[in-house]
Amino acid sequence: MRGVTRRAFLRTTGLAAGSLVLGCGTTPETVWQDRKLGDERALFDAFLAIGTDGRIVVQAHKVEMGQGTHTAFATLVGEELRVDPRRIEVVAAPISDAFGGFMDQSTGGSTSLLEIWQPLRETGARARTMLVEAAAERWQRDASDLEVVDGSVVDPRSGASLSFAELSVEAAGRRAPREVALTPRGEWKYIGRRGVRVDARAKVTGHASYGLDVRVPDMQTAVVVHCPHAQGSLVSFDDEAARGVNGVEDVFEVPGGVAIVARDTWSARSAAARLEVDWDPGASKGVDTAAIRAGLVAAIESDGHHSARDDGDAPRVLDDAQKVVEAEYALPYLAHATMEPMNCTVVPGEDGCDVYMGTQSPMIIQDAVAHELGLSRSDVRVHGQYLGGGFGRRFFADMAAEAAGIARHTGKPTKLVWSREDDMARDFYRPPSLHRLRASLGADGRPEAWEHKLAAPSLLPHMVGDTGGAVVPQWMRGLGSALVGAIARKLPDWAGPVLAIEGAHDQPYAVPNVSMQAVAWDPGIPVGIWRSVGHSHNGFVVESFIDELAHAAGEDPAAYRRSLLADHPRHLAVLDRVVEEAGWGRAPAGRAQGIAVHEAFDSVVAQVAEVSVDGPALRVHRVVCAVDCGLAVNPDIVEAQMESAINFGLTAALYGRIDFRDGAAVQSNFHDHRMLRMADAPEIEVHILESDAAPTGVGEPGTPPIAPAVANAVFAATGRRLRELPFELT
Amino acid sequence: MIEFELNGRRTKVSADPATPLLWVLRDELGLTGTKFGCGIAQCGACTVHLDGKATRTCVLPVSAAAGRSVHTIEGLSEGGEHPVQQAWVENSVPQCGYCQSGQVMAAAALLAENPAPSDDDIDRAMTNICRCGTYTRIRRAIHRAAELTRDGSGAVAEDASEAAE
C-alpha cells in the first residue's frame with residue numbers, strides 16, 4: 001500500500017498515555033480496514049486519512065453518545081488542518097493497539113476530551129506540515145513561504161494552489177516530523193467557538209445509525225424472556241403457543257431465560273407474549289425494597305466500616321461537643337433508561353465474527369463475544385454504531401454475550417432486541433445508599449468535626465463479573481479473569497465500596513477533624529456505573545449537609561460555603577459566579593433559591609435552583625449553572641452537557657426510583673417510571689468560566705449539584721429538609 | 001396486503017394487519033429513522049405523520065393506516081431542509097439523537113397546525129421523552145423554526161455563533 005511505512009506509522013501514533021503499544025499485525029491497513037476513500041487513500045496515522053477524492057476522514061476511538069466526542073475530534077483535527085470541522089467525516093474506529101490500551105479505547109468518566117486534546121491536534125498539525133512540505137517540494141519553494149487555506153496549500157507569491165486531495169498520497173509518504181508546532185490560542189478559528197455539532201444533520205434526518213437500526217442479510221431477530229428475579233432461575237416453560245406464531249424459527253433456553261428467534265421483531269415479540277414460563281426466585285426471595293433498606297441500616301450500624309478519611313479526631317470532638325448536627329440521607333436504586341433499549345447484532349462467519357452495536361467499550365464486547373464463541377479476540381470485529389444513550393450502561397457486555405450465545409445456537413446472523421421492560425428489569429443499576437452524618441459547630445459557627453458514614457453495595461464485583469475478562473490478555477483469560485473476579489469479590493470486605501465514596505471522602509470544606517467510613521453491603525442486585533457514579537449520591541449528601549450546617553449556624557448558605565473554601569479557588573470562582581448570575585438572595589416572589597457546588601472528574605460546577613412549592617407540588621423553574629471545565633473547546637457543547645446533566649439529575653431527584661419485590665424490579669416502563677418531559681423541565685442558564693487549563697470533563701459533572709440545589713431551595717421555601725430521594729412532599 | 005401512501009408513494013405491505021406500523025416501517029420497509037423506545041406510546045420516539053397528524057406507531061396496527069397518508073422522518077424533506085430540521089441543526093439540538101426523529105415529527109406537526117406556538121402550546125404538544133434532556137434547545141429551536149417559516153427565507157445561520165449575533 002502506498003504511503004506511510006509501518007515504522008513511521010507506528011511512531012506517529014503515540015497516544016495520550018505516551019506509550020506506544022506495538023501489537024503484532026498493527027499496520028495502517030489493519031487499522032483502516034474496510035474504509036473506502038476513493039481509488040487511493042493516504043493514511044497519515046491511525047486517526048487521519050485524506051482521500052484522493054478530497055474526503056477527510058477521522059477515526060474516533062471514543063464513542064459518540066451525545067456528549068459531543070465526534071465533534072471534538074473534528075474540531076481538534078480541523079483546527080490544525082485549517083479546515084472547517086463540518087468538512088471532516090468522523091467514524092468509529094476499530095479495536096486496535098494503535099489506539100492504546102483498554103481504558104484508552106473505552107469511553108466514560110468524562111475523560112475523552114482531556115485524553116485527545118494533545119494527540120489529535122498533533123495529528124492535524126503533523127499532517128498539515130507534511131502536506132505543506134509535499135507542496136514545497138513540488139514547487140521548489142520554501143515550506144515556510146506557503147499557506148494552508150481551506151483544504152489547499154497555497155503559494156501566495158504565484159497564486160498556485162494544490163488541494164489536500166492532490167497532495168495527500170505524496171504527503172503521507174513523507175517522513176513524519178518529530179515535532180510539530182500547534183496553533184497558538186490567539187489564532188484559533190474553531191477551538192473555543194460555538195460550532196454546530198457534526199452529527200446534527202444525520203440525527204435530524206433519520207440517517208444516523210444506532211445498534212437497533214442495523215440490518216444484515218439473512219438476519220434473524222431474537223428476544224429473550226428473562227427471569228425477573230436477579231438471582232432466580234428457570235423452572236419450566238411451555239412454548240407451544242409461542243411456536244405457533246407466524247415467523248417464529250426457534251425457542252430455546254439460554255442462561256437467565258428463554259430465547260425466541262424469529263424472522264422479524266414483531267413476530268419475536270408476539271411469540272414472547274405467548275410463552276408460558278415459571279420462575280424460581282431462588283436467593284432473591286424476600287429481596288424487597290424494605291428488606292434492602294433494613295440491610296443497609298444493619299450495615300451502617302455494624303463495625304464493618306473501612307476508613308476512607310481520618311483527619312484529626314472527629315469521633316472524640318463530636319463526643320465532647322455541645323452542639324451536634326445529625327442527619328441521615330437515603331437514595332434508591334436508579335435505572336439508566338437510555339432511550340435506545342439494549343441490543344446487539346452478532347454475525348458469525350467463516351473468518352470469525354462481526355458484531356454491530358453501540359457500546360462504550362468495544363474491547364469488552366470483543367472479549368465477551370470471543371469467549372462465548374470460542375474465538376480468538378482478533379477474529380471478533382466490533383463495528384461501533386451511534387449510542388442511543390450510554391450513561392454507563394453501555395459499558396457492559398451482557399447483551400453481547402447473550403446475542404453471541406443465541407447466534408452460536410442458531411448459526412445465523414442474530415439481532416438481539418430488548419424491550420423497554422427487559423431494559424428496565426436487567427440493568428446494572430445505580431446502587432442505593434444510606435448515609436449518616438454528624439458535625440459539631442464551634443462558637444464561630446464553623447464546623448469543628450465532620451463525620452460521614454456510608455453503606456452501599458460495591459460496584460466492582462458486578463462490573464468485573466461482566467467485564468473482567470477483557471483486561472487481561474486472551475491467553476491468560478481463564479486464570480486472569482478468575483483472579484480479577486476473585487479480587488473484585490473480596491475487595492468490598494477488604495476496602496469497602498471504593499467507588500461509592502468519591503465526592504465525599506474528598507469533600508473540600510475546611511474542617512480540622514474529618515472522618516469518613518464506608519461499608520459495603522449487597523442484596524444481590526446488579527449495580528454499575530451511572531452518570532457521575534459515586535458523585536451522584538455524595539453530591540446530594542455533602543451539599544445538603546453543609547447547607548444544614550449553614551442554617552444551624554444562622555448564616556447565608558453561599559457565604560457559609562465560601563468561608564470554608566479558602567484553599568479551593570476554582571470552587572470559590574464558580575460559587576461567586578453563580579451567586580452573581582442567579583441573583584442569589586433576590587428570588588422572585590413566590591420562589592425560593594438553593595445552592596450547591598461540587599467537583600467531579602476534574603471540573604467544578606455550582607448551581608442555583610429556583611423552585612416553588614405548593615402543597616405536595618414542587619416546581620423547579622430555573623437553574624443557573626456555573627462551570628469551570630478548563631478550556632471550553634466548544635462552549636455550545638459544554639452548555640448542552642450541563643443542560644443534559646441537570647435534566648438527568650433532576651429526573652432522578654424528582655421521580656427516580658427502582659423498587660424490588662423478590663429481587664425483581666417493580667417499575668417496568670415509562671408509565672410507572674416517570675421521566676422528565678418538556679413541561680417539567682426548568683429554564684437553564686449556563687455560564688462557563690474562562691480558563692487556560694487543559695479541558696476537563698463535562699459529560700457528568702453537571703449532575704451531582706442539582707438534587708442538593710433543589711433540596712436546599714425546598715428548605716428555604718418550606719423549612720422542610722428533604723433527605724431522601726426521590727423527593728416527596730406529601 | 002395493506003396499501004397506504006408512504007412519503008408520497010403508494011406502498012403495499014404483506015405484514016399481518018395487527019403488526020404495529022412501527023415494525024412494518026422498520027423491518028419490512030427498512031425505514032429505520034422511526035425509532036422504538038417503549039412500545040406503549042409513552043415516549044414518542046415512534047412518531048410519524050398520519051394524514052398530517054403526529055401519531056405514535058408502536059401501538060397502531062398497520063391496518064389502521066390502510067388508504068391513508070403516512071410521512072416518516074425520511075420523508076419530511078429531501079435533504080433536511082424542513083425549517084424544523086434546519087433549526088434543530090442550527091441550535092445543535094440532538095445529543096445522542098435517538099429521540100429526535102420523533103421530536104422533529106412532533107414539532108413539524110405542531111407548527112403545521114400552529115405557526116406561532118407559545119411556550120404553553122409547546123409544553124402541551126411536545127410530550128416526547130428526551131433522556132439527554134435537550135428540552136431547552138427543542139423549545140428554542142421550535143421558536144426558531146416558526147421564525148424561519150414566517151420569514152420564508154429558509155436561510156440558516158452557518159453556525160450557532162452567527163445565530164447568536
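Quick note on labels: first sequence line is chain A, next is B, and so on, each numbered from 1. Everything numeric here is computed off the predicted structure, so don't read it as measured data.
- At least one donor-acceptor pair closer than 3.5 Å links the side chain of A/Arg215 to the backbone N or O of B/Asp27.
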Salt bridge (charged side-chain N to carboxylate O under 4.0 Å, His left out) between A/Asp680 and A/Arg677, intermediate numbers included: CA-CA 5 Å; A/Asp680 312 309; A/Arg677 294 172 199 253; 5.7 Å; no

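- When each of B/Gln100, B/Arg139, B/Gln103 is paired with B/Thr134, the side chain to side chain donor-acceptor pair (under 3.5 Å) condition holds for B/Gln100 and for no other.
- Minimum heavy-atom separation, A/Ala640 to B/Gln95: O-NE2, 3.0 Å.
- We find the CE-CG distance between B/Met126 and B/Leu110 to be 7.0 Å, quoted to the nearest 0.5 Å.
- When A/His336, A/Glu421, A/Arg269, A/Arg263 are compared by the number of non-hydrogen pairs under 4.5 Å with chain B, A/His336 comes out ahead.
- The part of A/Asp199 that comes within reach of chain B is its side chain, from C-beta onward, which places non-hydrogen atoms under 4.5 angstrom from that chain.
- For the options B/Ile129, B/Ile73, B/Val104, heavy-atom pairs under 4.5 Å to chain A are most numerous at B/Ile129.
- Only the backbone of A/Ala208 comes within contact range of chain B, with heavy atoms under 4.5 Å apart.
- Residues A/Phe391 and A/Phe648 place their aromatic rings such that the two centres sit under 6.0 Å apart.
- With chain B as partner, the option from A/Asn669, A/Ile646, A/Asp264, A/Asn647 having the largest number of non-hydrogen pairs under 4.5 angstrom is A/Asn669.
- The candidate with the highest count of non-hydrogen atom pairs below 4.5 Å against chain A, out of B/Ser101, B/Gly33, B/Cys132, B/Ser77, is B/Cys132.
- In this structure, A/Phe395 and A/Thr359 have side chains that are not in contact, with every pair of non-hydrogen atoms separated by 4.5 Å or more.
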Check against side-chain hydrogen bond (donor to acceptor under 3.5 Å, both in side chains), A/Ser110 and A/Glu700: CA-CA 6 Å; A/Ser110 304; A/Glu700 296 167 283; 2.7 Å; yes

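- Considering only heavy-atom pairs separated by less than 4.5 Å from chain B, the leading option among A/Gly389, A/Ala681, A/Ala337, A/Ser419 is A/Ala337.
- Interface remark: A/Arg197 contributes backbone and side-chain atoms alike to the contact with chain B (heavy atom separation under 4.5 Å).
- The contact between A/Phe670 and chain B is made by backbone and side chain atoms together, counting heavy-atom distances below 4.5 Å.
- The two residues B/Ala141 and B/Trp88 have their closest heavy-atom pair at CB-CE3, 3.5 Å.
- Annotation: maximal heavy-atom pairing with chain A below 4.5 Å, among B/Ile122, B/Thr32, B/Leu22, B/Val24, occurs at B/Thr32.
- In this structure, CE on A/Met342 lies 4.5 Å from CG on A/Asp423, to the nearest 0.5 angstrom.
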Residues B/Leu31, B/Leu6; criterion side-chain contact (heavy atoms from CB on, under 4.5 Å); working and verdict: CA-CA 11 Å; B/Leu31 292 174; B/Leu6 176 62; 3.7 Å; yes

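- Across A/Thr414 and A/Ala222, no two heavy atoms sit closer than the pair CG2-CB, 3.8 Å.
- If you measure heavy-atom distances from A/Pro635 to chain B, you find no contacts under 4.5 Å at all.
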Residues A/Arg394, A/Thr338; criterion side-chain hydrogen bond (donor to acceptor under 3.5 Å, both in side chains); working and verdict: CA-CA 9 Å; A/Arg394 288 192 149 95; A/Thr338 60; 3.3 Å; yes

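- Among A/Ser644, A/Gly390, A/Gly388, A/Ala202, the residue with the largest count of heavy-atom pairs under 4.5 Å with chain B is A/Ser644.
- Comparing A/Thr651, A/Thr221, A/Thr205 by heavy-atom pairs within less than 4.5 Å of chain B, the highest count is held by A/Thr205.
- Using a 4.5 Å cut-off between heavy atoms, B/Thr136 contacts chain A through its side chain alone, with no backbone atom that close.
- Using a 4.5 Å cut-off between heavy atoms, A/Leu387 contacts chain B through its backbone alone, with no side-chain atom that close.
- Closest approach of A/Ser267 and A/Val248 over heavy atoms only: O-CG2, 4.0 Å.
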Candidate pair A/Arg86 and A/Asp84, rule salt bridge (charged side-chain N to carboxylate O under 4.0 Å, His left out), full reasoning: CA-CA 5 Å; A/Arg86 283 171 296 176; A/Asp84 191 313; 3.2 Å; yes

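- Ranked by heavy-atom pairs under 4.5 Å with chain A, the list B/Gln85, B/Lys35, B/Arg137 is led by B/Arg137.
- In terms of non-hydrogen atom pairs under 4.5 Å with chain B, the most contact-rich of A/Met219, A/Met678, A/Arg201 is A/Met678.
- Contact residues of residues 62-72 of chain A toward chain B are A/Met65, A/Gly66 (heavy-atom distance under 4.5 Å).
- Using a 4.5 Å cut-off between heavy atoms, A/Ser270 does not touch chain B at all.
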